[in-house]
Trainee: 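The structure follows.
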There are 2 protein chains.
Amino acid sequence: MKKSYCPIDTFINTIKGKRKGTIILHLFQGTKRYGELVKLMPDISERMMSKQLKELENDGLIIRTVFPEVPPRVEYSLTQLGIDIRPVLKGMYKGGLLFEQSIEGG
Amino acid sequence: MKKSYCPIDTFINTIKGKRKGTIILHLFQGTKRYGELVKLMPDISERMMSKQLKELENDGLIIRTVFPEVPPRVEYSLTQLGIDIRPVLKGMYKGGLLFEQSIEGG
DNA sequence: CAGCATCCGTGAGGATACTG
DNA sequence: CAGTATCCTCACGGATGCTG
């Protein structure tokens, strides 16, 4: 993650990746396994899912925990930073609903 | 603007364009002329500025008013929809600050 | 003053196949 | 199960110049 000209751009650049917002939204429900996230979001390929997850991890928003089991198990959960932006994400969700209403309304 | 799989993606897709967040932030201060916006954001080219402004207009977030004068004058202001998302944008701004702190903190 | 036209490079993201 | 590797496309955005 790189500092931008304005904090709002820092924020946008961090969460604008493909379906990142939805991934975080799902993690608000609690820790999830990789396969669970894939099933929850059938429209994104596994390549994209792992890319986005890795970026979110690098940006300090989520934690990746590997369990040394067979078959392998990997769980994803939010960091404190990820939890902190929950109200913002909720606001964005509501904002998205507003936008969609304004489409339908013409 | 196109409806997405999840409202939060609708929102992100609408404001993820280059410097759109900052443009809206400036318009919270009140109506601004095209040249004012350009001066406020020297790092983005005029081509980009007019592109972003047009997209924001198409998405129903800002209003473009042309004054039939010589020399020409064009003013940009927020629509009700643009005003409605003010708290969200403010939250994103604060979230961006959090992210930047977490960079500096390591 | 407030743009648009044109050209072009880059990288985000899609499709498919393979692996520890 | 949870990824990675490879290849490819196209639209986002940069640079520059022109116009009503």
Side-chain angles (χ1 to χ4, degrees), chain A residues 1-2 4-6 8-24 26-27 31-59 61-77, chain B residues 1-2 4-6 8-24 26-27 31-59 61-77:
Chain A
M1 177 167 53
K2 216 172 111 278
S4 308
Y5 296 98
C6 178
I8 201 170
D9 291 302
T10 302
F11 187 93
I12 293 175
N13 290 335
T14 306
I15 48 85
K16 76 176 179 188
K18 192 73 175 182
R19 313 293 329 263
K20 270 183 191 169
T22 307
I23 293 174
I24 300 176
H26 283 305
L27 291 180
T31 298
K32 295 244 179 286
R33 297 181 61 167
Y34 174 83
E36 290 183 272
L37 289 170
V38 169
K39 273 182 193 166
L40 283 167
M41 303 166 63
D43 59 293
I44 124 171
S45 70
E46 298 205 14
R47 172 188 170 282
M48 256 305 123
M49 179 64 84
S50 47
K51 268 197 72 170
Q52 303 303 310
L53 286 170
K54 182 165 293 185
E55 289 182 16
L56 288 170
E57 189 193 1
N58 289 338
D59 286 347
L61 289 176
I62 67 175
I63 293 173
R64 179 175 181 271
T65 310
V66 183
F67 294 85
E69 303 172 0
V70 178
R73 181 159 65 105
V74 178
E75 291 188 349
Y76 292 92
S77 56
Chain B
M1 181 166 50
K2 214 170 116 277
S4 308
Y5 295 99
C6 177
I8 201 170
D9 290 302
T10 302
F11 187 93
I12 293 175
N13 290 334
T14 306
I15 47 85
K16 76 175 179 188
K18 191 73 175 182
R19 313 294 329 263
K20 271 184 191 170
T22 307
I23 292 174
I24 300 176
H26 282 307
L27 291 180
T31 298
K32 295 246 178 287
R33 297 183 61 167
Y34 174 81
E36 288 184 274
L37 290 170
V38 169
K39 273 182 192 166
L40 283 167
M41 303 167 63
D43 59 292
I44 123 170
S45 70
E46 299 207 13
R47 172 188 171 282
M48 256 306 124
M49 179 65 84
S50 47
K51 268 197 73 172
Q52 303 303 310
L53 287 169
K54 181 165 290 183
E55 288 181 15
L56 287 170
E57 189 192 1
N58 288 339
D59 286 347
L61 289 176
I62 68 175
I63 293 173
R64 180 174 180 272
T65 310
V66 184
F67 293 85
E69 303 172 0
V70 178
R73 182 159 64 108
V74 177
E75 291 188 349
Y76 292 91
S77 57

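Throughout, protein chains are lettered first and strands after them, A, B, ... in sequence-line order, and every chain is numbered starting at 1.
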Trainee: Which atom pair, heavy atoms only, marks the closest approach of A/Lys32 to A/His26?
Mentor: CE-O, 3.8 Å
Trainee: Answer yes or no: does a side-chain N or O of B/Tyr76 lie under 4.0 Å from OP1 or OP2 of C/dG3?
Mentor: yes
Trainee: Rounded to whole Å, how long is the line connecting atom CG of A/Leu53 with atom C1' of C/dG13?
Mentor: 15 Å
Trainee: Any side-chain heavy-atom pair from A/Thr22 and B/Tyr5 closer than 4.5 angstrom?
Mentor: no
Trainee: Answer yes or no: is there a side-chain heavy-atom contact under 4.5 Å between A/Glu55 and A/Leu61?
Mentor: no
Trainee: What's the CE-C1' distance between A/Met41 and C/dG14, to the nearest Å?
Mentor: 15 Å
Trainee: Among all residues two or more places apart in sequence or in another chain, which pass the salt bridge (charged side-chain N to carboxylate O under 4.0 Å, His left out) test with B/Glu36?
Mentor: none
Trainee: A/Arg73 has an atom CZ; how far is it from atom C1' of D/dG3, in whole Å?
Mentor: 16 Å
Trainee: I need the CE-P distance between B/Met49 and C/dA2, as an integer number of Å.
Mentor: 11 Å
Trainee: Roughly how bent is the helix from C/dC1-D/dG20 to C/dG20-D/dC1 end to end, in steps of 10 degrees, with each end axis from five pairs?
Mentor: 60°
Trainee: Quickly work out the A/Phe67 CZ to C/dG20 P distance and round it to whole Å.
Mentor: 24 Å
Trainee: Would you mind reading off the distance between A/Arg33 atom CZ and D/dC1 atom P, rounded to a whole angstrom?
Mentor: 8 Å
Trainee: Taking atom types as modelled and ignoring hydrogens, do the side chains of A/Glu46 and A/Tyr34 form a donor-acceptor contact shorter than 3.5 angstrom?
Mentor: yes
Trainee: Could you report the tightest heavy-atom contact between B/Ser77 and B/Thr31, atom names first, then the distance?
Mentor: CB-OG1, 3.4 Å
Trainee: For a quick test of reading the model: is some side-chain N or O of B/Arg64 closer than 4.0 Å to OP1 or OP2 of C/dG3?
Mentor: yes
Trainee: For B/Lys20 and A/Ile12, what are the C-alpha separation, side-chain angles and deciding distance, and is it a side-chain contact (heavy atoms from CB on, under 4.5 Å)?
Mentor: CA-CA 10 Å; B/Lys20 271 184 191 170; A/Ile12 293 175; 5.9 Å; no
Trainee: What are the two closest non-hydrogen atoms of B/Ile62 and B/Leu53, and how far apart are they?
Mentor: CD1-O, 3.4 Å
Trainee: Go along nucleotides 5-20 of chain D 5' to 3' and tag each nucleotide: B for a protein heavy atom under 4.0 Å from its base, S when only backbone or sugar atoms are that close, - otherwise.
Mentor: BB------BBB----B
Trainee: Step by step, would you call B/Met41 with B/Arg19 a side-chain contact (heavy atoms from CB on, under 4.5 Å)?
Mentor: CA-CA 9 Å; B/Met41 303 167 63; B/Arg19 313 294 329 263; 3.4 Å; yes
Trainee: Could you state the atom-to-atom distance from CZ of A/Arg19 to P of C/dG13 in whole Å?
Mentor: 12 Å
Trainee: Nearest-Å distance, NZ (B/Lys32) to P (C/dG3)?
Mentor: 16 Å
